[in-house]
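Okay, structure first, notes after.
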Amino acid sequence: MEAPIVSSYIIMAGALAVLLQSAAVVVYVERRVAAFIQNRVGPNRVGPFGLLQPLADVVKLIFKEDVTPIYGNRVIHTMAPMFPVITALLTVAVIPFGDGLFITNLNVGVLFLLAVTSLGVYGVAMAGWASNSKYSLLGGLRAAAQMLSYELPMGMAIASTVLFATSLSMVDIVNSQVYWWGLFVNPLGAIIFTVAAFAEANRAPFDLVEAEQELVGGFHTEYSSMKFGMFFLAEYMHVVIGSMLITTFFLGGYHLPFAGYYAHILPEAGTWAKAILDIAVFLGKTGFMVFVFIWVRWTIPRFKFNQLMSLGWSKLLPLAILNFVVIAFILMLINS
Amino acid sequence: METFFFVFISTLAIGTALAMVISKNTVNSALFMVLHMLSVAGFYTLLNAQFLAVIQILVYAGAIMVLFLFVIMLLNLDEDEKVVSKIDFKQLISFTLALVVLAQLLYITGNYAGVLPELTGEPIAAVGTVEAIGDELFTTFLLPFEVTAILLTAAVVGAMLLAQKTSNVIDE
């Protein structure tokens, strides 16, 4: 076991700080973009352009009464909101933000990612059960079933990307896209992964977990104050993480499009300039994907639960497997 | 560092295993078991088997235990329902049998101490990687691998058959 180097600690601190703050920023952006799409004004009263609105929301949440259902399970009820936040923060460990700017380069990075994502199910299942409420239990079970089902197409879509990189390390996957992004060579995989990422983040059109007409508030019906705040935070962190993963797997990570063809023509940048450029490109793409997440939410209506399940199991999964097999054959023919 | 990590992980593994058996609430037991799986994954990491560690989390903690939890939550077992009321003859026999099995296991593992080749440095780091395991699976252990695949497929088909038999409602 080699000791972690100092720079990885610094990157970790930076990444965690950015990720935690990003939730607040994304909440603000979502409300403004939603207002824009629906021809409204949106929050614009607190601070310049309403920029301090997330801060006001958090202060309001902190001062609310923290209610635990009497017949629920107090310990699990308290622990449940921590799970989604922890799994979201763990994911950052393997994402490369720039050339050499990663916390750790695991040789099983992709599998680590899937494993951490699969642990996120516990948060919602525990929250639903510990609340001792039928709405919560149904919401929690729905959420868990949805997340389990969409993990499979997501895994197959990632597997088709791994074929191009011939490595399970995230850094190798990003570097294999220096000439052609994953989106161009593997468009079907990109679409499947994006749809699955929406479902994993429990975002519209797959937000059946909190379908108000049927389940009141879903698994967080019985949550209030900062415990609810943590679920809220986790949801937006998962949006950001999902965008980062789409960027890493299919939008070339920190590489500009077709960078391999013209990188040698450009003037040589210094270490710092290159680091800043890489991070800017990465954050730019992530920001665009976050916008797509919000855009889709206010454009496409919610699915029914049976439609969701049949989409996941009988359409996305066979399509993802077929995509994987076809790509594997083509790559074999090219290489032989 | 490694010793510290080992002691930490071992304490966690034994503690969660005990808590799983002792705890009266079934949901708590299941959650302790998840923690136990995670600490076992920690052992694999210590032994340089990163692939096994991640698969342990992915398959056992991430998928199988979720299904366990589902069943327990839906059955809604009562907390007051005592599983163990008083010690009777049957339990005495099972306890003795468990002791015998434990003794046998310890005896067998004691005989095999030192049989594995000593690996240090470069080879030990490469032993648990995905490449090494993939190579072995598709060359030396190809037949067992394929047989396992067929077995799993048969199990999936069987599960689907069982599930379809009970449902008379036709989904649209």
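To find a chain, count down the sequence lines: A is the first, B the second, and so on, and within it residues start at 1. Worth saying up front: this structure is predicted, and the values here are computed from it rather than measured.
For A:Asn107 and A:Ser169, the side-chain atoms include no donor-acceptor pair closer than 3.5 Å.
With rounding to the nearest 0.5 angstrom, the OG atom of B:Ser39 is 9.0 Å from the CD atom of B:Gln56.
You'll find the side chain of A:Met154 reaches within 4.5 Å of the side chain of A:Phe193, heavy atoms only. Contact annotation: the side chain of A:Leu331 approaches that of A:Phe164 to within less than 4.5 Å [non-hydrogen atoms, C-beta and beyond].
A donor-acceptor contact shorter than 3.5 Å is absent between the side chain of A:Glu235 and the backbone of A:Ala201. In this structure, B:Glu136 contributes its side chain and B:Ala132 its backbone to no donor-acceptor pair below 3.5 Å. Looking only at distances, a side-chain donor or acceptor of A:Ser118 sits under 3.5 Å from a matching main-chain atom of A:Ala115.
Nearest heavy-atom pair, A:Tyr150 versus A:Glu200, reported as atom, atom and distance to 0.1 Å: C-OE2, 3.6 Å. Shortest non-hydrogen contact noted between A:Val124 and A:Val121 is CG2-O, 3.1 Å.
In this structure, no portion of A:Met79 lies under 4.5 Å from any heavy atom of chain B. When heavy atoms are compared at a cutoff of 4.5 Å, A:Leu168 approaches chain B solely by way of its side chain, counted from C-beta outward. With a threshold of 4.5 angstrom between heavy atoms, A:Leu114 approaches chain B through its backbone and through its side chain. Contacts of B:Val34 with chain A are made by side-chain atoms alone, with heavy-atom separations under 4.5 Å and no backbone atom involved.
Residues that satisfy the side chain to side chain contact (heavy atoms under 4.5 Å, CB included) test with A:Leu317, not counting sequence neighbours, are A:Leu152, A:Pro153, A:Met156, A:Trp313, A:Ile321. By the side chain to side chain contact (heavy atoms under 4.5 Å, CB included) test, A:Met12 pairs with A:Tyr9, A:Leu16, A:Ile103, sequence neighbours left out.
Taking non-hydrogen atoms and a 4.5 Å limit, the residue list of residues 86-96 of chain A in contact with chain B is empty. For residues 137-152 of chain B, an interface with chain A (any heavy-atom pair closer than 4.5 Å) does not exist.
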